[in-house]
Novice: 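Mind having a look at this structure? Questions to follow.
Below, chains carry the letters A, B, ... as their sequence lines are ordered, and counting in each starts from 1. For the numbers below, each heavy atom of this structure counts, side chains included, while hydrogens, waters and symmetry mates do not.
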Amino acid sequence: MSFYSRPSFGRECLFNYFGGRMIDKKAEYESSKLYRIRHSTAHIMAQAVLEKFPEGKVAIGPAIDDGFYYDFDLPRALTPEDLESIEKRMRGIIQSKVKFERKVVSADEAKKVFHDQPFKLELIAGLEEGKEDEDGNPILEKPEISLYSQGAFTDLCRGPHVDNSSEINPQAIKLLSVAGAYWRGDEKRPMLQRIYGTAWTTPDELKDYLWRMEEAKRRDHRKIGHDLDLFSIVEEVGAGLILWHPKGGKIRKLIENFWTQEHEANGYDFVFTPHIGKAQLWETSGHLGFYKENMYSPVDIEGQQYFLKPMNCPFHIHIYKSSLRSYRELPIRYAEEGTVYRYERSGVMHGLMRVRGFTQDDAHHFCRPDQMPGEIDFVLGFSLHILRSFGFKDIQAYLSTKPEKSVGNPEQWTAAEKALEDSLKREGIDYQVDKGGGAFYGPKIDLKVKDAIGREWQLSTIQFDFNLPERFDLNYIGEDGLPHRPYMVHRALLGSLERFFGVLIEHYAGAFPVWLSPIQATLIPIADRHIDYAYKVAGDLKKAGIRVNVDERPERMNAKIRDAQNQKIPYMLVIGDKEMENNEVALRLRNNENPGPMSVTAFIEQAKDDIEKKI
RNA sequence: GCCGACGUAGCUCAAUCGGCAGAGCAACCGCCUUGUAAGUGGUAGGUUAUGGGUUCGAUUCCCAUCGUCGGCUCCA
């Protein structure tokens, strides 16, 4: 999560340092056969759409990760039935083994070919000026204009494509959805209809992809959050505002407890700050200048304007400023789970992932220049430790460096970037460099984790700030008795607790590790005569610190097991006559394993061990 | 905010052409006393998101608002 500005992910400069080698992932994909298949399938789709709507206008249709899309301006809205018929026609075109032929033309010729295609004419004009490619991205050299034709359909395109549609497997393509999209991504320009599709080399790969989509749906934190009674968002309260239910609240508390304990053990001081602050504060910080569109309207308190906080930093800075600081005090690490409010447009909220009020696990480090590299080393290592504790083992780092427009002096930037990169190397984790992708106020490292089905989620961010120390005139008194400017670093490890919870839910599909499970064990008495014994066992487990409940409903054991399975409770302990007699419990696990009868003490040992190991 | 789809009981979903709003699960009250993924009978549950309009009559058709979903845009 970026504190101030864009997450900065320039598609031009995405390089991967891996085992000392620099890999350009984007170029690798674009030169692949799969890329050509997808791009060509997009053209075939455009052909099928134009056959159905001869008066339709075509915009652009690139290959993307996992598939392709094409944008159209059509006389009416597309229906799911349209997609079926278009897909069917596409298979027909593919099976007719059409050739893809490339032809280089002059701008004038191209204009003739596309005389009734206004979007293409606009693209040609752009190419002619040599400013933008067909995706609207700036390019350096004036390109040649090329056309690709397959049968009766011709498109303006840089390529490359397959040579013949027989290279596309008609059973390995599928149209997925239709959605609105602005021409050139500009909301002031016409809204087009975008058809998304996917294409693979074999039907098995397609099946696999569709299975991954299904799996993602099954893990959707909004559905699981409801099924497991973790949280809700209700219309009466407001969009993008989270209600944490007792079980979700329990998990949050467990996360926070762990977080607090680790921070306490690692030199952080805890601070608490209010939810609103005066307009002048946000003027000084600059937020009213460059962040205003994300802030809510002010509230009037006795004639003074106050704003809901979109960030915690100005408050932490004032705690720093509350007394004169000596170089001996540094580094200072202030941490707070600070709830912030940011305006989100109505169409963009998404469960826990994108909300209007959220709690950052925020901290600010203030340190001397000589401490700075060590401070970065520490915070990077600490981040990785925290993320790994929650079961995220696959972590990727992204280093963003100085953009063209920036504040602070170049030496600061160089030193900070070097410290970040050195730390990454020392940690030995893979990282990519987004050159020029940093915020104007400082370079940063973002950490992304891979979840159980391979999706990447950005959680941590570690950002230098050369801006706020200036604006708030932060100082410490050095050994020389003179005031010096400290380095300031923002960092959030989990990002926002809401979003982190959402990622956790999807990563584990609701089957949280035992240490995070709101209910760790449920006791299942088979008949009423076993209830007293169940409570006795429950007492023993509670004494051992295990969260336990007794399912004494007058239901069949089978029903209780089913419910416990659906609630993803880690340990089911069945209790009948045999167990009662031998002071045992019969253990069943949520993965359907059935270890069977064991003594209560043996179970407690196993459970404590699982909790300790965070599995 | 924009494009499209959608909003019926706590949940999942029905309701023909505009003609008495229904089922399963959950809840509640019973019966059954159970050995590894749903035992059984009954009861209750609704201003069909909200507000207007058309109509003899609206869950159904029209408009607006709120919200949800898929995207765009924005961004954490």
Novice: Tell whether R588(A) reaches the base of rA37(B) with its side chain through a donor-acceptor pair below 3.5 angstrom.
Specialist: yes

Novice: Mind checking if E235(A) touches a base, just sugar-phosphate, or nothing, with heavy atoms under 4.0 Å?
Specialist: base

Novice: Looking across every strand, which nucleic acid part, if any, lies under 4.0 Å from A181(A) by heavy atom: base, sugar-phosphate, or nothing?
Specialist: sugar-phosphate

Novice: Should the side chain of R354(A) and the base of rC74(B) be counted as holding a donor-acceptor pair, with the cut-off at 3.5 Å?
Specialist: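 Result: at least one qualifying N/O pair found.
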
Novice: Would you classify E579(A) as touching base, sugar-phosphate or nothing, given that sugar-phosphate means primed atoms plus P, OP1 and OP2, and contacts are heavy atoms under 4.0 Å?
Specialist: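 Base, at least one base heavy atom under 4.0 Å.
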
Novice: In residues 557-564 of chain A, what residues come within less than 4.0 Å of RNA chain B, judged by heavy atoms?
Specialist: M557(A), N558(A), A559(A), I561(A), R562(A)

Novice: Whenever both distances are under 3.5 Å in a Watson-Crick or G-U wobble pair, mark it; put RNA chain B into dot-bracket that way, with [ ] for crossing pairs and | when the partner is on another strand.
Specialist: (((((((..((((.....[..)))).(((((.......))))).....(((((..]....))))))))))))....

Novice: I want to verify a distance call: between rC11(B), rA76(B), rU36(B), whose nearest atom is closest to the R342(A) side chain?
Specialist: rA76(B)

Novice: When we call it a touch if two heavy atoms are under 4.0 Å apart, what does N566(A) touch: a base, just sugar-phosphate, or nothing?
Specialist: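 The answer is base, as N566(A) lies within the cut-off (heavy atoms under 4.0 Å) of a base atom.
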
Novice: Between rC69(B), rG39(B), rG4(B), spot the one nearest the side chain of A77(A), thanks.
Specialist: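 So the side chain of A77(A) is nearest to rG4(B).
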
Novice: Side-chain donor-acceptor pair under 3.5 Å between Y268(A) and H365(A), yes or no?
Specialist: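 There is such a pair between these side chains.
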
Novice: With rounding to whole Å, what would you report as the distance between rA58(B) and rU73(B) at their P atoms?
Specialist: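 Taking atom P in both rA58(B) and rU73(B), they lie 44 Å apart.
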
Novice: In whole angstrom, give me the gap between the C1' atoms of rG70(B) and rA9(B).
Specialist: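 The same atom, C1', in both gives a distance of 27 Å.
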
Novice: Scan R222(A) against the nucleic acid and name what it touches under 4.0 Å (heavy atoms): base, sugar-phosphate only, or nothing.
Specialist: sugar-phosphate

Novice: Base, sugar-phosphate, or nothing: which does D577(A) touch, judged by heavy atoms less than 4.0 Å apart?
Specialist: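 Base contact.
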
